[in-house]
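Here the structure comes first, spelled out in structure tokens, and everything after it is commentary.
Everything numeric here is computed off the predicted structure, so don't read it as measured data. Within every chain, numbering begins at 1; the chains are lettered A, B, ... in the order of the sequence lines, protein sequences first and strands thereafter.
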There are 2 protein chains.
Amino acid sequence: MIVIVTNPPTSELPVLRRVVRSSTIDLIADQLRNAIYSGSLEPGQSINEVRTAELLVVSRPSLREALQRLISEGVMTHAPGRGVHVSRMRASDIDDVYAVREAIESQAVRLIIRHGRSVHRISTALTELERAIEDNVARTIGDADLTFHHALVASSGSVRLSDLMKVSMVHTRLLSLSDERGYEVRCDLIDSHRELAEAVAAGEESRSLTVLARIMAEAASRLHDPEDGLEARVVRGREGEASVDDQWLRLRESSQ
Amino acid sequence: MIVIVTNPPTSELPVLRRVVRSSTIDLIADQLRNAIYSGSLEPGQSINEVRTAELLVVSRPSLREALQRLISEGVMTHAPGRGVHVSRMRASDIDDVYAVREAIESQAVRLIIRHGRSVHRISTALTELERAIEDNVARTIGDADLTFHHALVASSGSVRLSDLMKVSMVHTRLLSLSDERGYEVRCDLIDSHRELAEAVAAGEESRSLTVLARIMAEAASRLHDPEDGLEARVVRGREGEASVDDQWLRLRESSQ
DNA sequence: CATATAACGTTGTCAGACAGTGTGACATTC
DNA sequence: GAATGTCACACTGTCTGACAACGTTATATG
């Protein structure tokens, strides 16, 4: 029984937010997704159901349900009889993932310009990216990079695009993590990103899309052949603390 | 143990295709997805776990795992304590779904032109669409329309885009089905679709994208307000047999 | 060394259980 | 009679336990 006491009694009801109850499955999936994004779970690593369930203090059925979410996202892979593994990306996945990202982000740019959305979050993310590059830590730069691109998509106002972007971020991370050469990141990405942000802010659609395409192509080609841009200074790192807010990659609450 | 008997023994191995074993979960999810696409399961309809599991002759845990797939696709919705329902689309979803479709299909166009992919499947699908329009059955036209758009994306050669498109097809169908005015389809869509196919075949990127954007905008606006294009002849229908091949909406085998 | 066999761990699937929650019918109160 | 309280029922959310099928590794065998 909930009693709402207001004083004076004739006043408006206090502002009550809708109670959100995340399902256990959501929580488990979030944990696993973040573990992958942060590198705690490596590509190819197989998930022992009993052990993992114990670790998360949930039952095996609950864990299995959560795994289906990640499988459907393409973040984990099911091999019949052999269980579930963290997806390992191959060379052929590089272009595919970046094709999806170009799809999502191009559309985001179009929507932002079409509807004149605020680009505030984008500029903020750009500043963060600049700071991260000064720190010169591969993982930090990678995080800031993806955060920037997510800010772009979030600014579009499309819930579905934003959700897809979150999944694509994990895919992108998996591309880096699946490369035996280790995590690596380009330092000169700030110029193109600044140009993108400017073009979007200025409402220049076709220039934005051109720059975006170039960013995607460069990122993909760097993964294909890291020695590609010889003059580009590069930061490498095998590990490094992930600076991910736990809530960050949570997908939209599934309840209506 | 697999023994391959060849005669003569020195000859080439017979062509053996990799054995694909779809997991039970895949099969259940496919069934449910197709049931939604074909209209057997209506938007808002809730899934009684016990009854549905009995119907499919699987256990409740297996069904629940499959439901997680569909929830993650956005095709079903979870309401805590109230179980799982077929997603019901609202007016605000119309633009969102079509934004995603424009994202996917625009990128497909770019990829096809960039890599000079064959447009054979697209022309075939266009012919099918013409035939469907002659039949003048709302559902058939709707199917052929979506099949055309999927052919476009499949031609891009991107597995991920193609998967996303399949999900978006179900979303699109849900938009129509969620509308209490019933299923309805425009007859004049053939012209714009033919123009799109031609532009793509001719490698004219910017014209293709323009036409595509127009197609999406028109489809969305028709859902927002069916009386919009007064001069456009329209076929309406509340039901109608779905002409979907059972295999059609199967997502990529999840095993690597 | 290659092959067969055995042993073990793990997955795939199920039945059963039970507390928590939602829902609708009915009674009650002001 | 509208709002509130009560009760019973149905269903979900989650867990335990079980077991056959499958994979994998170690061991034995020719």
### Message
So, does B:H78 get its side chain near the phosphate of D:dT12, meaning an N or O under 4.0 Å from OP1 or OP2?
### Response
no
### Message
Counting only side-chain nitrogens and oxygens, does B:R21 get under 4.0 Å of the OP1 or OP2 atom of D:dA21?
### Response
no
### Query
Going by number, which of residues 54-66 of chain A have a non-hydrogen atom under 4.0 Å from DNA chain D?
A:V58, A:S59, A:R60, A:P61, A:S62
### Main-chain N/O of B:S168 paired to B:T172 side chain as donor or acceptor, under 3.5 Å
yes
### Message
Could you check whether any side-chain N or O of A:R173 sits under 3.5 Å from a backbone N or O of A:Y37, counting only pairs where one atom can act as donor and the other as acceptor?
### Response
yes
Whole angstrom is fine here: how far is it from [atom1] in [X] over to [atom2] in [N]?
X     : N      : atom1 : atom2 : result
B:I28 : C:dG12 : CD1   : C1'   : 11 Å
A:I25 : D:dT12 : CD1   : P     : 14 Å
A:L67 : C:dT10 : CG    : P     : 15 Å
A:N48 : D:dG23 : CG    : P     : 17 Å
A:R82 : D:dC22 : CZ    : P     : 14 Å

### Task
Rounded to the nearest 0.5 Å, what's the gap from CZ on A:R69 to CG on B:L70? Could you check?
11.0 Å
### Summary
For B:F148, the ring pair (Phe, Tyr, Trp, His ring centres under 6.0 Å) test, sequence neighbours excluded, returns B:H193
### Task
For A:H171 and A:D96, test the side chains for any donor-to-acceptor distance below 3.5 angstrom and give the result as yes or no.
no
### Query
Is B:R88 paired with B:D93 through a side-chain N to carboxylate O contact shorter than 4.0 Å?
no
